[in-house]
Number of protein chains: 2
Amino acid sequence: MPTVSRVLKGSPPVSQRKRDRVLAAVQELGYRPNGAARMLVTGRRTIVSVITSNTTRFGYATSIQGIEEAARTAGLLVAITVIDPGGEDEVAAAVDLVLGQPVAGVIVLDFDPQGTRAIEALPEGLPVAAVGSSDVGREIPRALFDDRLGGRQATQYLLGLGHATVHHVSVPGSGRPSGRTLGWRSALESAGAVVPETLEADWTSQSGYEAGLVLARTPGVTAVLCGNDEIAFGVIKALQVSGLRIPQDVSVVGFDDHPLAALWTPPLTTMGQDFVELGRTALAFLVEQLDEGPGPQTSPSTIHLIERESSGPPPARSVTGPARGARVGRRARPRPR
Amino acid sequence: MPTVSRVLKGSPPVSQRKRDRVLAAVQELGYRPNGAARMLVTGRRTIVSVITSNTTRFGYATSIQGIEEAARTAGLLVAITVIDPGGEDEVAAAVDLVLGQPVAGVIVLDFDPQGTRAIEALPEGLPVAAVGSSDVGREIPRALFDDRLGGRQATQYLLGLGHATVHHVSVPGSGRPSGRTLGWRSALESAGAVVPETLEADWTSQSGYEAGLVLARTPGVTAVLCGNDEIAFGVIKALQVSGLRIPQDVSVVGFDDHPLAALWTPPLTTMGQDFVELGRTALAFLVEQLDEGPGPQTSPSTIHLIERESSGPPPARSVTGPARGARVGRRARPRPR
DNA sequence: CTGAAAGCGCTTACAG
DNA sequence: CTGAAAGCGCTTACAG
C-alpha cells in the first residue's frame, strides 16, 4: 500500500483520516519498513564503512569518534571493519566484507601500511576518503595533519631551548617515514645539528619504554621527540627508571595531546592535534563525493605546541642557571660534539 | 542469470566452461552483487549494531574491539551508533537510525544510564544482547564482569594490608550504584569498618583529579578504591600535588588494568578485567539468539587483583615496620575512629 | 547442468 | 487524494 509509504515519508497528499489510521496500525503492529528493500529501490545507501587496523589507540579511536559524530548528523550509519595485521589476505577479506554490504562509501584510516594497502585494494567507482596521509595510492580526498610542520616545530622548539640536537623515536608511518620524522630531520638539518639515528617504535607505550631504555644508555641524549604521546610515556618511564630526571637531564616531547598527557609525571609537553575534527572533515569529504562525484582534496588541520613540564633547557655543566631550580650535575653527561 | 549466482556462491552443479566464462566476466566488469538485493531475498542480515554512549573510553573501546573481532570471524559487519548525552530524544533517534538499516541484531554497551534506556527503547522481537549490567530492563543475555565480587576483593585486599577503612571514588553506574561500589560497601560492612561517604566521578581522569583534591583534605584517608583506572590516575596525581606520597601516605587501587597502569608513577595496583573477552562473549550470545531464538543468559567473566606499587600498608605512627623502606611519618594523619 | 519464472518488501510514477 | 502496476537486483525452487 503506497499510502503507508507516503505517510511514513511525510509526503503531503494524504487525508488526515487515512493518515491517522495508518499511524495507528503502524503503532499497533510495531511496523518498521525493511531497510534492505528500501535501499534496493531507492538506491540510497546510508552506511559508511570505516576501514582501520585498530579501534582503540588514541588517534584511531578519536578519529572514529569524529567520523561517527558527523555521520550521525548526516543520517548515516558507521560500520567498522578492522584489518588485522597479516598478509594481503586480511586486506582482501576486509574489502570483501565491506563490499558485500550496501555501503555508500568508505573512509580509510591511513595511519599505517594496512590502511594504505586497503585504499589500493578498493575498487574504482566506490567513493573513498582517507584520514591521514601516505605517499602511495590513488588520489582521494584526505583529511590530515601537517605532520611535517609539526615535527619541524617541535624540533625547533627543543633546539631553541638550547639542546645541541634532538633524538627521535618514531611511529611506523605508512610506507615511508612519517611526516613527523621528516619534519624532525629537516629541522635538524636546517639548524646544522647532527641527525641521530631514529629509533623505531610502534604506537604503544611498551615500545616507547623499550626505546627509552636504549636512549638511557646512549651518550649525549638531552632531548627526545616522540612520534606520539604513548611512546613518550614509555620513554619517560624508562628514562626515569634508569635514574634520569625529566626534564632536568632529558627533555621529552610527544605528539597528539593524549588525555593523560597533562596528568603524567612530569606533565608532558606535546604537539596538540584535533583528531575529532580530522574525522569530521573526512566524513564531509566523503559526503561531498557522494553528492557531486569525485573531487580530490586535502585539508591539513592545525597543530600547536602545548608546553608543559617535560621539557626545558639541557643540563648545564656549571652551576649557573639550571632550569626550574633542579639539582644539577647528577649524572650529567657531555653534550654531543 | 541464476548461473552467475551459483558460480559466485560456489554451488556445485555448474560446468567448468560456464564457470570460467562467468568468472572472466565478473573480473572484467568488476561486478559485485548488490548487498541490499541479496539481503532482501535471503532475509539474512549481516549487520550487528552496537549502541553505546562512547567509543573512546578504555572499557568501551576495548569491548567494541572484542565485538568486532568476533563479528568478523562470524562474517558479520559491526555498525556503531552513539547516543550522545541528552534527553530521551537522543535515545529514540539512535534507535530509529539503527532500525532503519537491515540489522540482524543489536549489542548495547550497558555501562551507563544511556545504555539502559536504549535497551528499553528497543522493540521486542529484535535480537539484543548487552555488555555490562544494569538492574533495570528486560531479560536479555548479558556479558558482564562480577563487579561486585571485584569490589569486595579489592576492598578486602586493602583492609588486609592494615587500613582501617577504604575510601571510594565511584564510576556512574547505570541507574543505581555500580556493582563495584556495592562490593566495596559490603566488604566494609562485613569487616565492621566505617563506610565513608562515596565520591562520585564520571569515567574521566579529570573527575578523578577533582575527587583526589577533596580526598587530600579529608582527614583519615589512607586507602582509596577507584571505580576505574582513569579515575585512579587522577586521584593519584591530585594526592601527589597535595604533597602526599603514594603508597606511603595513601594507597590507591583502580579497576580495569588500563594499558598505562603499569607505567604510572607509581605503577597502579588494579583489578584486571578482560574487556575484549567481554565483547566477544556478547557477540556470541547474539549469534546464538540469531540461530536459536531468545535465550537469556549471563556470563560473569573473571577478575583478578594485579598488585603493583600504588598500594601498601597504611602509614605507621611509630618507626616500626613501615612498608617498602618508606620514610615514615611525614604528614602522618590519625586513623579514623 | 542451465535458463525462465516468481517473489523478497519497498517506492515511484500512473491511472483513477 | 488513493489504489493497481511495475520494477529495484538478487536467489530459490522449477522445468527443461
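Below, chain A is the first sequence line, B the second, and so on; all start at residue 1. Only a predicted model underlies this, so the values are computations on that prediction, with no experimental measurement involved.
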Original post:
Which listed nucleotide (C:dC10, C:dG9, D:dC10) is nearest to the side chain of A:Leu40?
Top reply: C:dG9
Original post:
Would you say the ring centroid of B:Phe58 lies under 6.0 angstrom from that of B:Trp203?
Top reply: no
Original post:
To the nearest angstrom, how far is B:Gln101 atom CD from C:dC10 atom P?
Top reply: 14 Å
Subject >> Test side chain to side chain contact (heavy atoms under 4.5 Å, CB included) applied to A:Gln273 and A:Leu278, A:Thr62, A:Asp256, the passing residue >> reply: A:Asp256
Original post:
Where the side chain of A:Thr42 is concerned, which of D:dC10, C:dG9, C:dT12 is the nearest nucleotide?
Top reply: C:dT12
**OP:** Check each of A:Thr52, A:Asn54, A:Asp112, A:Thr55 against A:Tyr60 using the side-chain hydrogen bond (donor to acceptor under 3.5 Å, both in side chains) test, and report the only one that passes.
**Re:** A:Asp112
Original post:
Considering only C:dG9, D:dG9, D:dT11, which nucleotide approaches the side chain of B:Arg38 most closely?
Top reply: D:dT11
Original post:
Does D:dG16 pair with anything, Watson-Crick or G-U wobble, both distances under 3.5 Å, and if so, with which nucleotide?
Top reply: C:dC1
Original post:
Can you tell me how far P of C:dT11 sits from OH of A:Tyr31, to the nearest Å?
Top reply: 6 Å
